[in-house]
Amino acid sequence: MDNVEKKLVVDDAPKLGNRRSFLGRTALLGLAGAGASLGLSGCKEEVSAKKPESAVKPVSAGGIEIAPGQLDEYYSFLSSGHGGDVRILGIPSGRTLKRIPIFNIDCMSGWGITNESKAVIGTKADGSLNYNVGDTHHLHGSYKNGTYDGRWLFTNDKINSRLARIRMDTMECDKITVLPNVMGFHGMFPDKRDPVDEKINYTTRVFCGHEFHVPLPNDGRDIDDPSKWGCLCSCVDAATMEVRWQCRVDGNMDLVATSYDGKLAASNQYNTENGATLADMMSAERDACVFFDVARIEKMVKDGKFTHIGASKVPVVDGRKAANPDPKTSVTCYVPVAKNPHGVNASPDGKYFVCSGKLSPTATVIDLSLVHKWFAGELKTERDAVVAEPEVGLGPLHTCFDGRGNAYTSLFLDSQCTKWNVEKAIAQFKGDKTVNPIIQKLDVQYQPGHIYSSMGETIEADGKYMNSGNKFSKDRFLPVGPLHPETEQLFDISGEKVKLLADHSAYSEPHDGIIVRRDLVKTRQIYNIDDFPNAVKPENAGIERKGNKVHVRLMSQAPNYSMPVIKVKKGDEVTITLTNHDKVEDLTHGFAIPTYNICFIVNPQQTQSVTFKADHIGAYWVYCTHFCHALHLEMRSRFLVEA
């Protein structure tokens with residue numbers, strides 16, 4: 001880790017070839033020739049970066065500080081719940097770096113407004129969005145060789161059962177897939193290597209768990225008889241984002257974990273009863289963690305041993321117990337775990353999965369080698385795969401790891417986090433009464449839900465930081481009305497004792513997240529104009545009319561749009577395509593038309609477009625919404641709608 005840290009601070013020096021130098025250099029040019037169309041070109045200077053001192057410094061009152069101008073060691077990517085987006089923070093500073101719109105409409109960036117974003121989200125026949133809301137709970141990255149490869153992030157929409165993919169080079173959503181015949185899509189996890197081809201050591205599939213039982217298909221049949229409803233696991237191709245297959249299960253699914261060998265996916269099940277009421281869902285003394293033998297499922301699909309549900313063409317394999325009596329051919333293994341579990345997490349050594357018993361004060365440790373033995377017919381019962389069940393406290397939910405053999409479990413009811421040792425818990429479970437696996441219990445403020453550690457879901461878990469996402473903040477921040485901020489508390493877990501470093505406020509309502517070393521994230525600062533087939537260049541710029549359809553091809557370069565006047569007629573269907581011709585890092589332009597619900601941005605060399613009906617006459621000033629130049633306020637065009 002020391003070598004990594006030395007590398008991380010090399011590029012912390014500010015660059016001169018940026019927006020600041022551009023604005024200073026071009027302000028006078030703009031004043032001299034403000035009327036010239038696209039007369040300014042971006043400038044970029046190369047500078048050598050100085051190697052600063054360590055960016056992370058302790059402060060006298062406790063905690064840490066990142067000095068101004070210095071960069072964080074890690075990114076934190078986290079979901080936002082029913083905000084519908086994904087957030088990026090710097091760790092350990094807690095600085096908010098970006099919000100990536102996914103299932104929500106974002107009038108700053110134009111997500112949900114531009115044609116390009118609508119194509120990703122999905123639209124009805126009239127061009128309106130299929131859905132305007134979303135609920136992101138879990139977010140995970142793609143893998144190579146057991147660690148993050150910086151390609152993709154994946155997140156869920158619990159409300160409308162959609163899986164979204166984010167490109168990490170641009171930090172923008174590029175694909176959204178609707179999962180058929182499911183509801184309550186909560187947990188998901190990418191595989192860490194291909195389950196069939198051992199030569200493929202990177203993510204190829206994403207496994208999705210669904211909480212709610214529904215009629216299969218949900219077309220009006222059996223709506224008064226929940227006993228006939230069912231629940232599915234979905235497998236999505238990571239590259240194409242198409243649903244490969246689904247597997248029907250007994251009980252429901254909640255969160256998902258995958259093994260480092262690629263062979264197993266699993267989900268905790270808090271409703272093995274298939275209950276439709278709260279009392280029914282809590283009636284069993286134990287629930288389960290269901291394991292999927294991915295290779296066996298895919299062989300069944302290949303051999304044609306599947307069905308379809310309703311109009312969906314996705315192959316569905318039966319993973320219920322009645323259809324899988326023989327472990328040697330079974331596609332599923334139901335391991336009994338503590339009551340109403342919420343969470344299943346993989347240890348970074350690849351040996352264990354841990355399920356937290358929400359209505360039991362215990363965490364269940366499952367040995368994956370024993371699960372493989374069960375599938376081979378060499379284990380007497382599924383429960384024999386359980387090797388530990390330490391009492392960690394009240395309301396255990398999620399578990400993370402430090403890479404040194406220790407686990408950390410959030411306790412919602414106790415408002416605590418418990419640090420415990422996995423191997424000592426196993427020894428205690430075997431009968432060693434001299435062993436106490438509990439190392440420390442620490443208070444958090446308050447009612448923690450998700451908990452995650454730096455690189456903790458990879459083989460490179462470094463045991464440096466842990467984040468506790470707390471659902472109630474109460475008195476921790478200035479009051480802002482009835483809706484309180486939530487608390488993201490950062491802890492130092494590098495020593496024997498866990499120490500609180502900082503309280504970071506969070507707008508409601510984040511859920512799970514990951515903490516990723518910054519050297520694994522490689523972003524593009526400027527687009528390639530040729531990546532956009534509809535890019536506007538001088539040779540195709542202008543207005544094209546075909547009947548009542550008008551296409552306006554526009555360029556921007558601070559502080560000008562390429563056309564001072566855009567004239568259309570009432571009733572025209574207008575498409576405006578805008579390309580930002582500036583090549584300066586951080587020089588983004590905006591585009592808004594008053595009273596027409598049009599507002600979006602174009603980053604350097606990016607192209608975006610909007611289509612709308614010119615349904616009311618008048619003169620409207622098109623203006624740049626994103627500050628770009630000393631003459632930013634003067635960056636305007638006239639949009640004229642004639643009768």
Side-chain angles (χ1 to χ4, degrees), residues 1-11 71-78 86 88-92 138-155 165-169 171 187-195 197-207 238-239 255-266 294 344-354 368 398-408 422 450-467 493-494 512-523:
M1 186 62 192
D2 289 341
N3 291 335
V4 173
E5 289 178 352
K6 290 176 183 177
K7 180 180 178 181
L8 292 181
V9 297
V10 170
D11 295 326
L71 303 182
D72 283 290
E73 300 172 83
Y74 299 84
Y75 289 88
S76 177
F77 301 97
L78 64 159
V86 164
I88 309 177
L89 306 181
I91 296 294
H138 290 265
L139 180 141
H140 300 288
S142 56
Y143 287 79
K144 185 174 183 179
N145 292 324
T147 193
Y148 299 123
D149 64 4
R151 281 188 301 160
W152 297 315
L153 298 168
F154 300 92
T155 192
R165 186 179 72 189
I166 298 166
R167 285 179 51 171
M168 291 184 71
D169 63 338
M171 299 299 177
M188 59 85 209
F189 215 101
D191 63 6
K192 300 180 179 76
R193 63 183 308 123
D194 193 281
D197 188 345
E198 294 184 356
K199 295 179 181 179
I200 299 177
N201 62 348
Y202 52 84
T203 292
T204 55
R205 298 159 175 80
V206 182
F207 299 97
L255 308 188
V256 178
T258 59
S259 62
Y260 281 89
D261 64 7
K263 298 182 183 302
L264 298 174
V294 181
V344 55
N345 300 96
S347 62
D349 59 11
K351 295 180 179 180
Y352 309 110
F353 280 5
V354 176
L368 299 190
H398 300 276
T399 299
C400 65
F401 304 89
D402 61 13
R404 299 187 297 271
N406 302 314
Y408 304 76
V422 177
H450 291 279
I451 187 171
Y452 45 95
S453 58
S454 50
M455 299 297 292
E457 293 182 343
T458 75
I459 61 172
E460 296 183 315
D462 57 28
K464 194 163 187 180
Y465 297 115
M466 178 188 73
N467 188 89
I493 60 172
S494 61
D512 200 10
I514 57 176
I515 300 175
V516 181
R517 282 200 330 266
R518 81 183 202 199
D519 63 293
L520 298 174
V521 179
K522 307 295 183 183
T523 63

Is a donor on one side and an acceptor on the other found under 3.5 Å between the side chain of [X] and the backbone of [Y]?
X    : Y    : value
D191 : T204 : yes
S347 : Y352 : yes
R193 : E198 : yes
S453 : G463 : no
K522 : G150 : no
S259 : L264 : yes

Checklist entry - Can S454 and D462 be said to form a side chain to side chain donor-acceptor pair (under 3.5 Å), step by step? => result CA-CA 6 Å; S454 50; D462 57 28; 2.4 Å; yes
Item to check | Test side-chain contact (heavy atoms from CB on, under 4.5 Å) applied to K192 and I459, step by step | outcome: CA-CA 10 Å; K192 300 180 179 76; I459 61 172; over 6 Å; no
Next on the checklist: List the residues meeting side-chain contact (heavy atoms from CB on, under 4.5 Å) with S494, not counting sequence neighbours, and say none if there are none.
Outcome noted: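 Per chain and number, S494 pairs via side-chain contact (heavy atoms from CB on, under 4.5 Å) with D492.
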Next on the checklist: Going by side-chain contact (heavy atoms from CB on, under 4.5 Å), name the residues that satisfy it together with N145, two or more places apart in sequence or in a different chain.
Outcome noted: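 By the side-chain contact (heavy atoms from CB on, under 4.5 Å) rule, N145 matches N201.
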Item to check | ring-ring contact (aromatic ring centres under 6.0 Å, His included) partners for F353, two or more places apart | outcome: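 Applying ring-ring contact (aromatic ring centres under 6.0 Å, His included) to F353 gives F291.
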Which pair of heavy atoms, one from [X] and one from [Y], lies closest together, and at what distance?
X    : Y    : result
P348 : Y260 : CA-OH, 3.9 Å
M188 : H138 : CE-O, 3.3 Å
M455 : L520 : CE-CD1, 3.4 Å
V521 : M168 : CG2-CE, 3.9 Å
P190 : T203 : CB-CG2, 3.6 Å
G262 : P195 : O-CB, 2.8 Å

Value rounded to 0.5 Å, distance of [atom1] in [X] from [atom2] in [Y]:
X    : Y    : atom1 : atom2 : answer
H140 : L153 : NE2   : CG    : 10.5 Å
K464 : I493 : NZ    : CD1   : 11.0 Å
M466 : N406 : CE    : CG    : 11.5 Å
T458 : D149 : OG1   : CG    : 11.5 Å
F189 : L139 : CZ    : CG    : 10.5 Å
D512 : F77  : CG    : CZ    : 14.0 Å

Checklist entry - Just checking, is any N or O donor in the side chain of Y408 or D402 under 3.5 Å from an acceptor N or O on the other one? => result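 Per modelled atom types, Y408 and D402 side chains form a pair under 3.5 Å.
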Next on the checklist: Could you walk me through whether Y452 and I514 satisfy the side-chain contact (heavy atoms from CB on, under 4.5 Å) test, starting with their C-alpha distance in whole Å, then the side-chain angles of each, then the deciding distance to 0.1 Å, before giving a yes or no?
Outcome noted: CA-CA 6 Å; Y452 45 95; I514 57 176; 5.6 Å; no
Next on the checklist: In this structure, is the centre-to-centre distance between the rings of Y202 and Y143 below 6.0 Å?
Outcome noted: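 Ring centroids of Y143 and Y202 are no less than 6.0 Å from each other.
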Next on the checklist: Using the rule side-chain hydrogen bond (donor to acceptor under 3.5 Å, both in side chains), only one of R205, K263, K199 pairs with D194; which is it?
Outcome noted: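 Single pass found, and it is R205.
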Next on the checklist: Is the shortest side-chain heavy-atom distance between E460 and Y148 below 4.5 Å?
Outcome noted: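 Side-chain contact under 4.5 Å: no.
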